[in-house]
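Below is one structure, written out as structure tokens, with a few remarks after it.
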Amino acid sequence: MQSPESRPRGVDQRPRRRARQDAAVVDRTAIRNAALNQLVLAGVVLVLTFLMFHHGFTGNIPVYFAGVVIVFVLTAVAIAAPWGRIPFAWTVVVPLGDIIAISLMRLADPVAGTGLLFAFPVLWLASSFALPGFLGGVGLAIVGFAISTAMDPRQLTNFAIFLLPVMLIAIGATSYTGARRAAAQRRLLRRQAEILAQALERSRHQEQLLSEVLDTADLGVLHIENDGGISVMNDAQGHLQHLLTDADGASPPVYARDGRTRILGDELPLARALRGEEFDDERVWIEPVVGERRALSITVHRLASADADPDAAAVLVCHDVTAEMSALQARDLLVSSVSHELRTPLTSIIGHIELALDDPGLPQAAASSLAIADRNADRLLSLVGDVLAASSHAATVPVTPEDVDVLEIVKASAQSVVTGESSRNVTIDLSRVVPARAYVDPFRLRQVLDNLLSNAIKYNREGGRVSLMTATRDRKTLILVEDTGVGLDEEDLANIFQRYYRGAAVRREGVEGSGLGLSISRDIVRRLGGDIYVNSTLGVGSTFTVSVPSVRPGAPTQVAGPARTTGGGGTA
Ligand code: ADP
């Protein structure tokens, strides 16, 4: 990049050319003003002459008319001369000639008051020729005045003869300073216009650069005005937009992330964006050609406006994620078929191990080896089950909700983790578990609680505590699982419900796990019409809250009954 100072001289002639053009404009205006000034002077002289002769002129007529003729000749010159081709300085001839002409007229009759006419050439010279014009104009006019006065001894005794020179000086000075101020303002305006032009040029350049950069990106970018109009669309978006409209101008079918649910009309991402909604990484499938699907990820963000206008403009970013989505689908398909294939031989292995373990004549050493093999085969089977559940779509998890009391399910789950796993001396506190109605599938809710409880023990410290609590609020039943474990950092909190995600700390410490439990649990709870939330402080502990419907949707509220705060189990 070249800095402006390093540019060879004379390369950029624009400012100088512009200054010359500006000067030419000023000159033409000055000439027009001068011609007008001269015309007014000629008019005044005409009227004055008429009045003087009407009231009986007593002065020297030839001298007076010599002055009048000079004024008219100069007026004709001022109007008709090709000033555009003559240097501006030559216009000085006209006011100088006027001073001579007015001096002659005053000489012809010093008391007729023609001396006042000196104001015209003085004004002209002082405003058009800066300081020399002011000094020269005033000086010459005073000389002319003095000569004509000296010729008439009657006037020398009159004090009023000083009045006109003083007045001419004042007129000249005012006109000179006014012209200077006007010139300074013109310079300032010119400078501001130049700065504005440079800023405009820069912004045009940046706009062009931005649109070139946007066009090279393979992300579609769309700018939505606050009135819903579309003002910017890059090439990639133009292409995607083309996909979103078939040959007849109608939209091809659009499906939700699951690839099955059809999205129509007002629910289409662009319609939502135009309505003012904001969303992140919304994934949809479109089928521009039958049997040929494309996956798009669409994000819409409002642009921050200074006056926090809720209808502020927005930017829509769209990109083709067909390859990524297809890869994910292929992975799920592969994982589910491999897991499925693994289940049958595993079940058979477990069955045979258990048969062998039932043999009373089995030597002790072989029995303990078989018991270890049995435990690990069990674990393998549960892992395969998890992988299978995670790879089959959440929407397909079968649930059969019914009215239940979660107290029993929570207690049974707590009992199973205490007896089932190495409890690491973790105490399970059930003192705040109270009867609470819920409209859920008991088998699936148990699966969720088993997972949360086993995590609460697995990620706890030796001798820690897990507290369980139930409550009913409005039409929701809440089950809280609180632990005094390792806690979660920001990154964990943002990702723990993602499939196959495992916290960095647990990976480092080699704690066993698949990273599927929480994702499966959340899918199940959502299928039941609820959700899971987590609160955590690193190094202090975490609280997972399962929220499920307390009554069947549409049932009257009183069916649920108020949540009781007493009763429930003790410490397991
Ligand atoms: P897994 O336990 O098999 O790794 P999960 O899906 O159940 O899989 O959990 C995902 C991750 O979330 C875990 O690897 C762990 O980092 C974190 N996590 C889950 N429960 C807790 C908890 N109670 N305390 C701290 N971290 C937890």
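Note: hydrogens, waters and symmetry copies are ignored here, and every other heavy atom, side chains too, is used. We number each residue from 1, following the sequence as shown.
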Nearest-0.5 Å distance that lies between atom CZ in Arg262 and atom CG in Leu268: 8.5 Å
Is Glu287 salt-bridged to Arg294, cutoff N-O under 4.0 Å? no
Measuring from Ser127:OG to Ile171:CD1, what's the distance to the nearest 0.5 Å? 12.0 Å
Could you walk me through whether Tyr64 and Thr49 pass the side-chain hydrogen bond (donor to acceptor under 3.5 Å, both in side chains) test, one step at a time? CA-CA 9 Å; Tyr64 182 82; Thr49 307; 3.0 Å; yes
Can you establish whether the number of heavy atoms outside Glu490 located under 6.0 Å from its atom CD is more than 12? no
Answer yes or no: is there a side-chain heavy-atom contact under 4.5 Å between Phe145 and Ser103? no
Atom of Leu316, atom of Ala273 and distance for their closest heavy-atom approach: CD1-CB, 4.0 Å
How long is the gap from CD1 on Ile286 to OH on Tyr255, to the nearest 0.5 Å? 11.5 Å
Is it the case that over 12 heavy atoms from other parts of the model lie below 6.0 angstrom from the CG atom of Asp215? yes
Return the orientation label for the Tyr176 and Phe134 ring planes: parallel under 30°, perpendicular over 60°, tilted otherwise. parallel
Are Phe57 and Phe50 close enough, and set up right, to give a ring-ring contact (aromatic ring centres under 6.0 Å, His included), and what steps lead you there? CA-CA 10 Å; Phe57 185 69; Phe50 175 75; over 10 Å; no
Asp531/Arg526 salt bridge by N-O under 4.0 Å criterion: yes
Between Asn535 and Phe544, is there a side-chain heavy-atom distance shorter than 4.5 Å? no
Would you call Leu104 and Phe65 a side-chain contact if the rule is heavy atoms closer than 4.5 Å? no
Arg302 side chain to Gly276 main-chain N or O, any donor-acceptor pair under 3.5 Å? yes
Within the side chain of Arg507, is there an N or O that forms a donor-acceptor pair under 3.5 Å with the backbone of Arg502? yes
Contact between Pro121 and Ile102 at the side-chain level, heavy atoms closer than 4.5 Å - yes or no? yes
Keeping the roles fixed (side chain from His205, backbone from Glu201), state whether a donor-acceptor pair exists under 3.5 Å. no
What's the shortest heavy-atom distance between Lys476 and Ser547, and which atoms? CD-OG, 3.2 Å
Heavy-atom count check: over 12 atoms from other residues, nucleotides or ligands less than 6.0 Å from Arg293 CZ? yes
Would the distance check show the side chain of Thr299 and the main-chain N or O of Val317 forming a donor-acceptor pair, the cut-off being under 3.5 Å? no
Test side chain to side chain contact (heavy atoms under 4.5 Å, CB included) on Leu222 and Val315 and set out the steps. CA-CA 6 Å; Leu222 196 75; Val315 169; over 6 Å; no
Check whether any side-chain heavy atom of Leu48 sits under 4.5 Å from a side-chain heavy atom of Leu117, and report yes or no. yes
For Gln498, is there any backbone N or O sitting under 3.5 Å from a side-chain donor or acceptor partner on Asn495? no
Restricting to non-hydrogen atoms, name the atom on Val71 and the atom on Ala42 that form the minimum distance, rounded to 0.1 Å. CG1-CA, 4.0 Å
What distance separates His301 NE2 from Phe279 CZ, expressed to the nearest 0.5 Å? 10.0 Å
Quick one: do Glu324 and Arg283 make a salt bridge, cutoff under 4.0 Å? yes
Are there more than 12 heavy atoms of other residues, nucleotides or ligands under 6.0 Å from atom CD of Glu278? yes
For Leu125 and Gly137, the nearest pair of non-hydrogen atoms, with its separation, is CD1-CA, 3.4 Å
Asn60 and Asp109, any side-chain heavy atoms less than 4.5 Å apart: no
Does the side chain to side chain contact (heavy atoms under 4.5 Å, CB included) test come out yes or no for Gln329 and Met325, once each step is laid out? CA-CA 6 Å; Gln329 278 185 338; Met325 294 287 278; 5.7 Å; no
Over all atoms of both residues, closest heavy-atom pair of Val122 and Val138: CG1-CG2, 3.8 Å
Does Gly541 offer a backbone N or O that forms a donor-acceptor pair with the side chain of Ser536 under 3.5 Å? yes
Is His319 close to Ile298 at the side-chain level, that is, under 4.5 Å between some pair of heavy atoms? no
Check: Asp266 main-chain N/O paired with Arg275 side-chain donor or acceptor under 3.5 Å: yes
Which is it for Arg106 and Thr149 under the side-chain hydrogen bond (donor to acceptor under 3.5 Å, both in side chains) test, yes or no, and what are the steps along the way? CA-CA 8 Å; Arg106 192 163 189 284; Thr149 306; 3.0 Å; yes
Gap between atom CZ of Arg257 and atom CG of Leu328 - 0.5 Å precision: 8.5 Å
Test item: side-chain donor near acceptor, Ser297 and Asp281, under 3.5 Å: yes
Would you name the heavy atoms of Leu168 and Ala119 that are closest together and state the gap between them? CD2-N, 3.7 Å
Within the 4.5 Å heavy-atom criterion, are Leu74 and Gln38 side-chain neighbours or not? yes
Rounding to 0.5 Å, atoms CZ (Arg191) and CZ (Arg187) come to a distance of 12.5 Å
Side chain to side chain contact (heavy atoms under 4.5 Å, CB included) between Phe118 and Asp98: does it pass, once the steps are laid out? CA-CA 8 Å; Phe118 280 123; Asp98 284 340; over 6 Å; no
Val534 vs Phe497, side chain to side chain contact (heavy atoms under 4.5 Å, CB included): CA-CA, chis, key distance, verdict: CA-CA 10 Å; Val534 58; Phe497 290 106; 4.1 Å; yes
